[in-house]
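Before any comments, here is the structure.
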Amino acid sequence: MHLDPHQLLHAYTRGIFPMAHNGRVYWHDPHPRAILPLEALHVSRSLQRTIKKGTFTLSRNAAFAAVMRACARPAPGRESTWISEDFVTAYSELHRWGLAHSVEVWQEERLVGGLYGVAIHGLFAGESMFSAERDASKVALVHLVSHLRERGFTLFDVQFMTEHLRRLGAIEIPRRAYHQRLAAALKVPAYFQPLPLPPQGQPT
């Protein structure tokens, strides 16, 4: 199995994403498609209290590969995942290109939660998240949504609906509607991170 980063980018711009099963890569374009409207995130009172407590500290793009490998580890209700080392290698290359990003949640110096995904113009395609402490992945998601709104993103793709995502405000839309939103998002000049300034003395 080999994932080419250029192929990955081409797929995301067409609404397609990969998952693997028994060593084979399968490409998905779900109908219906789950998205999380950035203005509709539901943060429960208990989650608000957790955030206010300051139990966790957060970072972005500080431990991308570690987040992916944590997402790949078995967990209750998720005995296996599609995230192999081939996926880690391919997405880490996108990360080096500035097109894949992670949010990390720390408790003291221990990585206890996080998520990662792909950002292309106004699209953020969420791939996976993990939580080793209660609410850690939810805290990561709240942070991500706030950041995406601040940076001008318009479409947060969460792929498949789960009850966890539904409670946070995710909705399902038809495939055609998703592709329409995707086409519009790809025209939006949004960037997950600020563009680097040119060297002093160089024209902008």
**Message:** Apply side chain to side chain contact (heavy atoms under 4.5 Å, CB included) to residues Leu47 and Ser44 and explain how you reach the verdict.
**Reply:** CA-CA 5 Å; Leu47 182 55; Ser44 67; 3.4 Å; yes
**Prompt:** Which is it for Phe130 and Ser137 under the side chain to side chain contact (heavy atoms under 4.5 Å, CB included) test, yes or no, and what are the steps along the way?
**Reply:** CA-CA 6 Å; Phe130 84 98; Ser137 63; over 6 Å; no
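- Considering only heavy atoms from C-beta on, Arg167 comes within 4.5 Å of His164 through its side chain.
- Counting heavy atoms from C-beta outward, Trp27 and Arg14 have side chains that stay 4.5 Å or more apart.
- Side chains of Met161 and Glu172 form a contact here, defined as non-hydrogen atoms less than 4.5 Å apart.
- In terms of hydrophobic clustering, with Ile, Leu, Val, Met, Phe, Trp and Tyr side chains grouped at heavy-atom distances under 4.5 Å, Phe160 and Phe87 are assigned to a common cluster.
- When side chains are defined from C-beta on, Phe153 counts as touching Leu38, because their heavy atoms get closer than 4.5 Å.
- When the salt bridge (Lys or Arg N to Asp or Glu O under 4.0 Å) test is applied to Arg134, no partner is found at least two apart in sequence or on another chain.
- The structure places CZ of Phe64 at 7.5 Å from CG of Leu94, a figure rounded to the nearest 0.5 Å.
- Looking at Pro18 and His28, their side chains never come closer than 4.5 Å, going by heavy atoms from C-beta outward.
- For the ring-ring contact (aromatic ring centres under 6.0 Å, His included) test, residues two or more places apart in sequence or in another chain that qualify with Trp97 are His6.
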**Prompt:** Stepwise, does the side chain to side chain contact (heavy atoms under 4.5 Å, CB included) test hold for Trp106 with Leu111?
**Reply:** CA-CA 5 Å; Trp106 307 88; Leu111 183 64; 3.8 Å; yes
**Message:** side chain to side chain contact (heavy atoms under 4.5 Å, CB included) for Tyr91 and Tyr116? Distances and angles first, verdict last.
**Reply:** CA-CA 9 Å; Tyr91 282 86; Tyr116 76 97; 4.2 Å; yes
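- Tyr12 meets the ring-ring contact (aromatic ring centres under 6.0 Å, His included) test with no other residue; sequence neighbours excluded.
- Checked against side-chain hydrogen bond (donor to acceptor under 3.5 Å, both in side chains), Arg166 has the following partners two or more places apart in sequence or in another chain: Glu163.
- Rounded to the nearest 0.5 angstrom, Leu99 CG and Leu8 CG are separated by 10.5 Å.
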Distance-only donor-acceptor pairs under 3.5 Å for side chains of residues 141-148, two or more places apart:
residue : atom : partner : partner atom : Å
His143  : NE2  : Arg60   : NH1          : 3.0
His147  : NE2  : Phe192  : O            : 2.7

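- Partners of His95 by side-chain hydrogen bond (donor to acceptor under 3.5 Å, both in side chains), not counting sequence neighbours: none found.
- Between Gln159 and Phe17, the closest side-chain pair of non-hydrogen atoms falls below 4.5 Å.
- Among residues two or more places apart in sequence or in another chain, the side-chain contact (heavy atoms from CB on, under 4.5 Å) test is passed with Thr55 by Lys53, Gln107.
- Listed here is the closest heavy atom pair of Ser102 and Ala62: OG-N, 4.3 Å.
- When hydrophobic clusters are built by joining Ile, Leu, Val, Met, Phe, Trp and Tyr residues whose side-chain heavy atoms come closer than 4.5 Å, directly or via intermediates, Ile16 is grouped together with Trp82.
- Distance check, rounded to the nearest 0.5 Å: CD1 of Ile171 to CG of Leu165 gives 12.0 Å.
- The side-chain heavy atoms of Gln193 and His101, taken from C-beta on, include a pair separated by under 4.5 Å.
- Residues satisfying the salt bridge (Lys or Arg N to Asp or Glu O under 4.0 Å) test with Arg96, not counting sequence neighbours, are Glu93.
- Not counting sequence neighbours, the partners of Ala140 by the side-chain contact (heavy atoms from CB on, under 4.5 Å) test are Val103, Val105, Leu115.
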Side-chain atoms of residues 178-188: list all donor-acceptor pairs with protein atoms under 3.5 Å, sequence neighbours left out, distances to 0.1 Å.
residue : atom : partner : partner atom : Å
Tyr178  : OH   : Asp157  : OD2          : 3.2
His179  : NE2  : Asp29   : OD1          : 3.1
His179  : NE2  : Asp29   : OD2          : 3.1

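- Shown here for Asp135 and Ser131, the closest heavy-atom pair between the two residues is N-OG, 4.2 Å.
- Ala190 and Gly122 make their closest contact through CB-CA, 4.0 Å (heavy atoms, listed as atom of the first residue, atom of the second, distance).
- Legend: salt bridge (Lys or Arg N to Asp or Glu O under 4.0 Å) pairs involving residues 99-118, not counting sequence neighbours, sorted by first then second residue: Arg110-Glu133.
- Counting heavy atoms from C-beta on, the side chains of Ile35 and Ile173 come closer than 4.5 Å.
- Residue Leu36 holds its CG atom at 5.5 Å from CG of Leu41, rounded to the nearest 0.5 Å.
- With sequence neighbours left out, the side-chain hydrogen bond (donor to acceptor under 3.5 Å, both in side chains) criterion links Asp4 to no other residue.
- Rounding to the nearest 0.5 angstrom, the gap separating the CZ atom in Arg69 from the OG atom in Ser92 is 6.5 Å.
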